[in-house]
Amino acid sequence: MSAAVDLYGGDVCTVARALIGCVVRHGETAGVIVETEAYHQSEPACHAYVGLTPRTQTLFGPAGVAYVYRSYGVHAMLNAVGEEEGIGAGVLIRALEPLEGIELMRERRGRVRVEELCSGPGKLTQALGIELAHDGCDLGIGPVTITPGAAEPLEIATSTRIGITRAVELPWRYTLAGSRFVSRRVAALAAV
DNA sequence: CATGGGATTGACT
DNA sequence: GTCAATCCCATGC
């Protein structure tokens, strides 16, 4: 538990940066996090902005827990809850570099290149088989887990968030510099 | 109880 | 580049 607080208990921007390079695992599939975004109740892009509701109660819970929700009625999104209990904040996992169970991911996602298996928040949940039922799961216990990756410092690029309509100017998106596995489709737009 | 929005993806022109 | 698909839930009457 204290380990979870160490990793997830700080402010969400720090947590989002710390999660780059960590490994997400679910069953036989696993991948290295290469892209994250921070969300906090103090800014309008966050679901928790409106306050504590049945939908967002997980975000207000203890840190180190999975918050899974459905977007556009089609895709599941995986977040790691951050900050202390009572604060609505979390880190959206946007992209992974496939590590294990790649064949299984291909079965779930169809025949696509390795770079396309997990290069987006909706894609990675499909590839790993993560569903709404995993909302509230302790990321230190499972079935969905996040474990620290390489101890060596990684070069992390900071940019603005993607695909949102509010507070788009906040530089709360973090990517592993030079990675081929980030969702760069919209990254070109952010550069304009 | 009815309505509209949402942190996306993929298919089509 | 443009557009539809489709579930959960917050909000409003």
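The model shown is predicted, which means the values in this text are computed figures rather than measured ones.
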With both distances under 3.5 Å as the test, what is the Watson-Crick or G-U wobble partner of C/dT6?
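Answer to the pairing question: none, since C/dT6 forms no Watson-Crick or G-U pair.
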
Could you identify the nucleotide paired to B/dA7, looking across every strand shown and requiring Watson-Crick or G-U wobble geometry with both distances under 3.5 Å?
none

Report which part of the nucleic acid A/Leu92 touches: base, sugar-phosphate, or nothing (heavy-atom distance under 4.0 Å, all strands).
base

For A/Tyr67, report the nucleic acid contact type (base, sugar-phosphate, nothing); a contact means any heavy atom under 4.0 Å.
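Base contact.
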
Counting only side-chain N and O atoms of A/Ser183, is one of them less than 4.0 Å from OP1 or OP2 of B/dT8?
no

Is a side-chain N or O of [X] found less than 3.5 angstrom from the main chain of [Y], in a donor-acceptor match?
| X | Y | answer |
| --- | --- | --- |
| A/Ser179 | A/Leu176 | no |
| A/Glu43 | A/His40 | yes |
| A/Thr160 | A/Leu170 | no |

DNA chain B nearest-nucleotide lookup for A/Gly120 and A/Arg166: closer to the 5′ end is A/Arg166

Give the rounded distance in Å between these two atoms: [atom1] of [X] and [atom2] of [N].
| X | N | atom1 | atom2 | result |
| --- | --- | --- | --- | --- |
| A/Tyr69 | B/dG5 | OH | P | 17 Å |
| A/Arg109 | B/dT8 | CZ | P | 15 Å |
| A/Ile93 | B/dA7 | CD1 | P | 17 Å |
| A/Leu117 | B/dT9 | CG | C1' | 15 Å |
| A/Leu78 | B/dT8 | CG | P | 14 Å |
| A/Glu43 | B/dG6 | CD | C1' | 14 Å |
| A/Tyr49 | B/dA7 | OH | C1' | 16 Å |
| A/Arg161 | B/dG6 | CZ | C1' | 14 Å |

With a 6.0 Å cut-off (strictly less than), is the heavy-atom count around CZ of A/Arg108, excluding the residue itself, greater than 12?
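It does: A/Arg108 CZ has more than 12 such atoms within range.
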
For the CD atom on A/Glu169, are there more than 12 heavy atoms of other groups (residues, nucleotides or ligands in this structure) within a distance under 6.0 Å?
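Yes, enclosed.
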
Just the table, please: protein N/O against nucleotides 9-13 of chain C N/O, every pair under 3.5 Å.
| from | atom 1 | to | atom 2 | distance (Å) |
| --- | --- | --- | --- | --- |
| C/dA10 | OP1 | A/Thr53 | OG1 | 2.5 |
| C/dA10 | OP1 | A/Arg55 | N | 3.1 |

Taking only the C1' atom of each, what is the distance from C/dG1 to B/dA7 in whole angstrom?
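Approximately 22 Å lies between the C1' atom of C/dG1 and that of B/dA7.
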
Closest approach of A/Gln41 to A/Gly88 (non-hydrogen atoms, all atoms of both residues):
OE1-N, 2.5 Å

Shortest non-hydrogen separation from A/Phe181 to A/Leu96 and the atoms involved:
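For A/Phe181 versus A/Leu96, the nearest heavy atoms are CB-O, 3.6 Å.
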
Output one line per pair: protein atom, nucleotide atom from nucleotides 4-7 of chain C, and distance, for all N/O pairs under 3.5 Å.
| from | atom 1 | to | atom 2 | distance (Å) |
| --- | --- | --- | --- | --- |
| C/dT6 | O2 | A/Tyr72 | O | 2.2 |
| C/dC7 | O4' | A/Gly73 | O | 3.1 |

With a 6.0 Å cut-off on the ring centroids, do A/Tyr69 and A/His47 count as close?
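A/Tyr69 vs A/His47: aromatic centres under 6.0 Å.
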
Result of checking A/Thr145, A/Leu78, A/Leu99 against A/Val24 for side chain to side chain contact (heavy atoms under 4.5 Å, CB included):
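Among the candidates, only A/Leu78 passes.
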
Picking from A/Leu117, A/Thr29, A/Val144, A/Leu104, what satisfies side chain to side chain contact (heavy atoms under 4.5 Å, CB included) with A/Leu128?
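Between A/Leu128 and the candidates, side chain to side chain contact (heavy atoms under 4.5 Å, CB included) is satisfied uniquely by A/Thr29.
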
